[in-house]
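The structure appears right after this line, and notes come after that.
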Amino acid sequence: VTRGCTMATPKPLSRFWEWGKNIVCVGRNYADHVKEMRSTVLSEPVLFLKPSTAYAPEGSPVLVPAYSRNLHHELELGVLMGRRGHAVPESAAMDYVAGYALCLDMTARDVQEECKKKGLPWTLAKSFTASCPVSAFVPKEKIPDPHALTLWLKVNGELRQEGMTSSMIFSIPYIISYISKIMILEEGDLILTGTPKGVGQVKENDEIEAGIDGVVSMRFKVEKSEY
């Protein structure tokens with residue numbers, strides 16, 4: 001038996017949530033959501049991070065953290081990086097994209113409001129376990145134009161969020177270029193591109209259903225976290 005040299009197993013993009021390292025989120029990227037949150041539109045994207053343990057693939061539950069009384073859904077288009085990029089020019093940014101996923105940026109809104117008042121980071125509000133539910137991976141070829149998609153989300157069958165990615169303030173190539181000048185993006189990293197209006201509360205036992213029209217859909221049950 002020959003020992004020593006073991007072939008590295010290729011990392012399947014179809015299971016990016018098992019090995020992808022970074023989840024980089026863009027806040028305030030749809031004007032109608034900025035308005036509903038009574039925030040101001042900024043000249044540069046707002047960035048925050050979620051850990052890879054925030055991933056919740058379909059089949060696992062959305063968890064309400066024990067320290068929150070007001071968990072909100074935020075529906076987002078996720079952009080998955082196919083290769084490493086540092087200071088990527090906007091004109092070449094789409095060459096770095098492997099595909100897409102529909103994502104939820106689950107937000108402990110009560111905690112976030114406290115953090116905002118105190119001028120503290122949003123980590124407690126945004127980065128808890130299972131705070132990033134994701135759909136199946138969608139290869140780039142299936143979405144010729146990511147700025148021409150309709151995203152929707154229902155809670156217990158009732159439509160809550162519906163938005164067009166054409167309404168993004170900062171485009172995907174701009175976002176990739178901007179982030180990659182701050183931090184190196186690696187293969188398997190996921191960028192969440194912001195949420196349209198209609199964010200709202202979910203409670204234990206609710207069912208969330210969401211989709212990209214004509215492309216992919218997903219379902220999640222909301223459960224209470226033990227911790």
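None of these values were measured; they are calculated from a predicted model.
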Any Lys/Arg nitrogen of [X] or [Y] sitting under 4.0 Å from an Asp/Glu carboxylate oxygen of the other?
| X | Y | value |
| --- | --- | --- |
| Asp206 | Lys221 | no |
| Lys117 | Glu113 | no |
| Glu74 | Arg109 | yes |
| Arg84 | Glu187 | no |
| Arg219 | Glu209 | yes |
| Lys126 | Asp105 | yes |

Within-4.5 Å side-chain heavy-atom neighbours: [X] and [Y]:
| X | Y | answer |
| --- | --- | --- |
| Leu190 | Asn22 | no |
| Tyr178 | Leu47 | yes |
| Ile175 | Val24 | no |
| Met94 | Ile172 | yes |
| Pro133 | Glu58 | no |
| Ile191 | Met81 | yes |
| Tyr100 | Ser135 | no |
| Asn205 | Val222 | no |

Rounded distance [0.5 Å steps], [atom1] in [X] versus [atom2] in [Y]:
| X | Y | atom1 | atom2 | result |
| --- | --- | --- | --- | --- |
| Glu90 | Tyr174 | CD | OH | 7.5 Å |
| Ser180 | Met183 | OG | CE | 10.0 Å |
| Lys35 | Lys197 | NZ | NZ | 9.5 Å |
| Leu192 | Leu75 | CG | CG | 10.0 Å |
| Lys11 | Glu18 | NZ | CD | 12.5 Å |
| Glu207 | Lys154 | CD | NZ | 11.0 Å |

(Q) Working note: Asp189 + Lys21, criterion side chain to side chain contact (heavy atoms under 4.5 Å, CB included); need CA distance, chi angles, decisive distance, verdict. (A) CA-CA 6 Å; Asp189 283 356; Lys21 282 190 202 167; 3.9 Å; yes
When clusters are formed by joining ILVMFWY residues with side-chain heavy atoms under 4.5 Å apart, either directly or through shared neighbours, do [X] and [Y] land in the same one?
| X | Y | value |
| --- | --- | --- |
| Leu153 | Leu159 | no |
| Val79 | Leu102 | yes |
| Ile23 | Leu71 | no |
| Ile176 | Ile184 | no |
| Met168 | Ile212 | yes |

Can you confirm whether [X] is buried at [atom1], in the sense that more than 12 heavy atoms of other residues, nucleotides or ligands lie under 6.0 Å from that atom?
| X | atom1 | result |
| --- | --- | --- |
| Lys116 | NZ | yes |
| Lys142 | NZ | no |
| Lys140 | NZ | yes |

Check: [Y] main-chain N/O paired with [X] side-chain donor or acceptor under 3.5 Å:
| X | Y | result |
| --- | --- | --- |
| Glu76 | Gly194 | yes |
| Asp145 | His147 | yes |
| Thr165 | Pro146 | yes |
| Ser177 | Pro173 | no |
| Ser60 | Pro57 | yes |
| Trp19 | Pro12 | yes |
| Gln112 | Ala125 | no |
| Thr150 | Met164 | no |

Exercise: identify the closest heavy-atom pair between [X] and [Y]:
| X | Y | answer |
| --- | --- | --- |
| Ala54 | Lys50 | CB-CB, 4.0 Å |
| Gly188 | Leu80 | O-CD1, 3.6 Å |
| Pro65 | Ser225 | CA-CB, 4.1 Å |
| Tyr30 | Ser167 | CD2-CB, 3.9 Å |
| Ser68 | Ala108 | OG-CB, 3.5 Å |
| Gly99 | Phe137 | CA-CE1, 3.6 Å |

Q: Apply ring-ring contact (aromatic ring centres under 6.0 Å, His included) to the pair Tyr55 and Phe16, showing each step before the final yes or no.
A: CA-CA 10 Å; Tyr55 276 129; Phe16 64 91; 5.7 Å; yes
Q: Take Val199 and Gln161, measure what side chain to side chain contact (heavy atoms under 4.5 Å, CB included) needs, and give me the verdict at the end.
A: CA-CA 7 Å; Val199 303; Gln161 283 189 277; 3.7 Å; yes
Q: Using only heavy-atom distances, determine whether the side chains of His33 and Arg28 contain a donor-acceptor pair under 3.5 Å.
A: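 Checked: His33/Arg28 side chains show no N/O donor-acceptor pair below 3.5 Å.
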Q) Under 3.5 Å, is there a donor-acceptor pair between the Asn29 and Thr193 side chains? A) no
Q) Do the ring planes of Phe128 and Tyr67 sit parallel (below 30°), tilted (30 to 60°) or perpendicular (above 60°)? A) perpendicular
Q. Would Asp110 and Asn70 count as a side chain to side chain donor-acceptor pair (under 3.5 Å) if you check the C-alpha gap in whole Å, the side-chain angles of each, and the deciding distance to 0.1 Å?
A. CA-CA 6 Å; Asp110 46 352; Asn70 188 12; 5.6 Å; no
(Q) Pair Thr123, Leu49 - check side chain to side chain contact (heavy atoms under 4.5 Å, CB included), show working. (A) CA-CA 8 Å; Thr123 307; Leu49 301 173; over 6 Å; no
**Q.** Leu104 and Met106: CA distance, side-chain angles, deciding distance, side chain to side chain contact (heavy atoms under 4.5 Å, CB included) verdict
**A.** CA-CA 6 Å; Leu104 301 179; Met106 300 307 296; 3.8 Å; yes
